[in-house]
Number of protein chains: 2
Amino acid sequence: MTRSPRPTLKTIAQLTGLAVPTVSRALSGATDIGQKTRERVRKVADEIGYVPNRAGLRLRTGRTFVLSLVLSSEADVMNLTARLINGTATALRDTRYHLTITPFFSDEDPMRSIRHVVETNAADAVILNQILPEDPRVRYLLDKGFPFATHGRSNWADQHAYFDFDNFTFGRLAVQRLAQQGRKSIRLVAPPRDQNYAQEMIHGAEQEADTQGVDLHVMQRITSDDPATKIEDEIAALFQENVPTDGMIFGSANSCMSGVAGLEKAGLTIGNQVDVFSKEAIPFLQRFRPAIHALHEDALAAGEFLARAAIERIEHPEKPVMQFLEVPK
Amino acid sequence: MTRSPRPTLKTIAQLTGLAVPTVSRALSGATDIGQKTRERVRKVADEIGYVPNRAGLRLRTGRTFVLSLVLSSEADVMNLTARLINGTATALRDTRYHLTITPFFSDEDPMRSIRHVVETNAADAVILNQILPEDPRVRYLLDKGFPFATHGRSNWADQHAYFDFDNFTFGRLAVQRLAQQGRKSIRLVAPPRDQNYAQEMIHGAEQEADTQGVDLHVMQRITSDDPATKIEDEIAALFQENVPTDGMIFGSANSCMSGVAGLEKAGLTIGNQVDVFSKEAIPFLQRFRPAIHALHEDALAAGEFLARAAIERIEHPEKPVMQFLEVPK
DNA sequence: AAGTAAAACTAAATCGTTTTAGTTTCCCTG
DNA sequence: CAGGGAAACTAAAACGATTTAGTTTTACTT
């Protein structure tokens, strides 16, 4: 247990014969400190490896230098989530910011964690995913004027920072591709209906189905976040009942794998009686069944963007919010 | 921007007419504060929703109430990693602890992040994964007496808290199963040789191969952490060159998928000319190719255990370290 | 050379908490 | 009823940083 005491401003003050506030101001580059003094202080600080004490800083200024990533921990989104975390953390490298993770669980109030962060000042900004159209968390954060960025858009998207995957275009491209393969009767396994991006995806698909003159049905009893077995069973049943279907679209790689298991159980083969289109965060569907058509969603880039956007909110609240829409293909 | 000022000990002191230290001691249950005073203070604190200020606490006591999860961000381990994060965060629910994530990147010194945490007191404990036999991080943390827990064992495992999957038994079971299927010539795609758990897995497989009287070769040019295409190509080449092989063992689900893609490219079918055994963190290989034999590694439980073990180190350093070996099957 | 303004620094207070060292109050003993 | 001692509380200091309000020094003006 040899933790040698860290140097503080006081240490530097003693070493230079200056007062503590002088050292503080010198390091922050204030102009009321002499040029040569500033340089001398900087040099000493570097030599002894001075790093500001976060607690002192936070106590005095209220700044935490923490970004809080609050994310849903549904098993189905964990692939995407892992990349989101990785991207966010990557963007924070070489900044003064740290990242704390707060998964929230389906059995608890989504507002709880957010309120906690805001009320106890546990972070300077929040990043959230799984956004609802009228997401109460977004409303709350806007109301409080607390810096945040979202993965996905709310109805008030023009007012806040976000990164979103263009699910409307995804829906369009999916139907377009299947239509090109000569498919006429397509079913879509969409994300949970209350999620904004589900609506986008459905609209895109419907519009393109209209244009292409093909049939599109949204599966009503399952979503792309449902448990694997449920999806597998529903899809198997669908084909066993001979409901006319020659194209399938899945909102996530997980649901796609389950769905494919189901349709194979019913005796179909991809590329033969049916074509399959899916989204994926990590490229592996190609390996799962080479005949699947997959579109990549870049969660890594999303994480990086969101981190930068959140910091921008903290440090330059007067500037316009950063927003990005990833348009597939 | 309506952030109303949070109640502090001072607020309670004013409300009760007591001095600040009295309130502090009353809340912490010190016996030199009268019974009824303690109750009164507690009641007022609850009513106004007092939550201790972390910065104040930290500045005074040095306690951060943060666990730092330092993990490698190899794409291949991200599935497992996601579950590890989730498990750790779950265990921290309803404790005073927070979780910060520091991925470290293959291009940088693994010691950097650890040293930073220890030297700047950024956390009360560290959790690490991807442990080497003589891991310098483990040595450093032991040396400093800094609380930590590892996912995987080092050579000094008896001295520190860990959760590990028994890869020795995994190796044994894998060979055993393949031998039961009548396979005689088995190849193992093991984790990187410098990782401790790679050695364990290899030893287990070799020992069982001896017992069963079958052939076992460790693939020398690839590891289970290599990029998908590299593994695919190597495996494809292996079979195209007709190297006698009728059983394959993979150290991770990712490498398994790639490997299977390779052997199928060479025209083989699982369960036919060759049997495949693999580890997986999330059950989906069953769906990928139903004929694959897979063993589940519980990263969720690992995360939870590691969090509890780390906290135990912080709060009861005198007690024996918590250790757990997950023995498969 | 006296007066003044700018430049360069310092003293003191503050953020919220806990610890150490007292101090006051009260009850009991003899 | 004085004295002793336990019980219950308080004052002051400390952790490390920044901000506000001075103060000293220097340099310039007239």
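Chain naming here is simple, since letters A, B, ... match the order of the sequence lines and numbering starts at 1 in each. If you're wondering where the values come from, they're calculated on a predicted model, not measured in any experiment.
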Between [N] ([atom2]) and [X] ([atom1]): distance, integer Å:
X	N	atom1	atom2	result
A:N121	C:dT17	CG	P	13 Å
A:R6	D:dG16	CZ	P	8 Å
A:N53	C:dG16	CG	P	16 Å
A:Y50	D:dG16	OH	C1'	7 Å
A:I48	D:dG16	CD1	P	13 Å
A:I33	D:dT25	CD1	P	16 Å
A:R25	C:dA12	CZ	C1'	15 Å
B:L9	C:dC15	CG	C1'	13 Å

For this session: For residues A:V23 and A:K10, determine if any side-chain heavy atom of one lies less than 4.5 Å from a side-chain heavy atom of the other.
Result: no
For this session: Report yes if some heavy atom in the side chain of A:I12 is under 4.5 Å from a heavy atom in the side chain of A:L27; otherwise report no.
Result: yes
Exercise. Looking at C:dG16, D:dG16, D:dT18, which one has an atom nearest to any side-chain atom of B:T8?
Worked result: C:dG16
Exercise. Among C:dT18, C:dC15, D:dC9, which is the nearest nucleotide to the side chain of B:K10?
Worked result: C:dC15
For [X], answer base if it contacts any base atom (sugar-phosphate contacts may also be present), sugar-phosphate if it contacts only those atoms, and nothing otherwise; contact means non-hydrogen atoms under 4.0 Å.
X	value
A:T37	sugar-phosphate
A:D32	base
B:S24	base
A:T22	base

Exercise. Is the base of C:dT17 touched by the side chain of B:R60 through a donor-acceptor pair closer than 3.5 angstrom?
Worked result: no
Problem set entry | Comparing B:L18 and A:L57 on DNA chain D - which has the more 5′ nearest nucleotide | B:L18
Seminar exercise, completed: Residue pair B:L59/B:G34 against DNA chain D: nearer the 5' end by closest nucleotide is B:G34
Exercise. Starting at the 5' end of DNA chain C and moving along, which residue's nearest nucleotide shows up first, A:Q35 or A:P21?
Worked result: A:Q35
For this session: Mark yes when over 12 heavy atoms from residues, nucleotides or ligands other than A:R93 sit less than 6.0 Å from its CZ; otherwise mark no.
Result: yes
For this session: For B:G62 and B:D124, work out which heavy atoms get closest and say how close.
Result: O-OD1, 4.2 Å
Exercise. Can A:E312 and A:R308 be counted as an ion pair, charged N to O under 4.0 angstrom?
Worked result: no
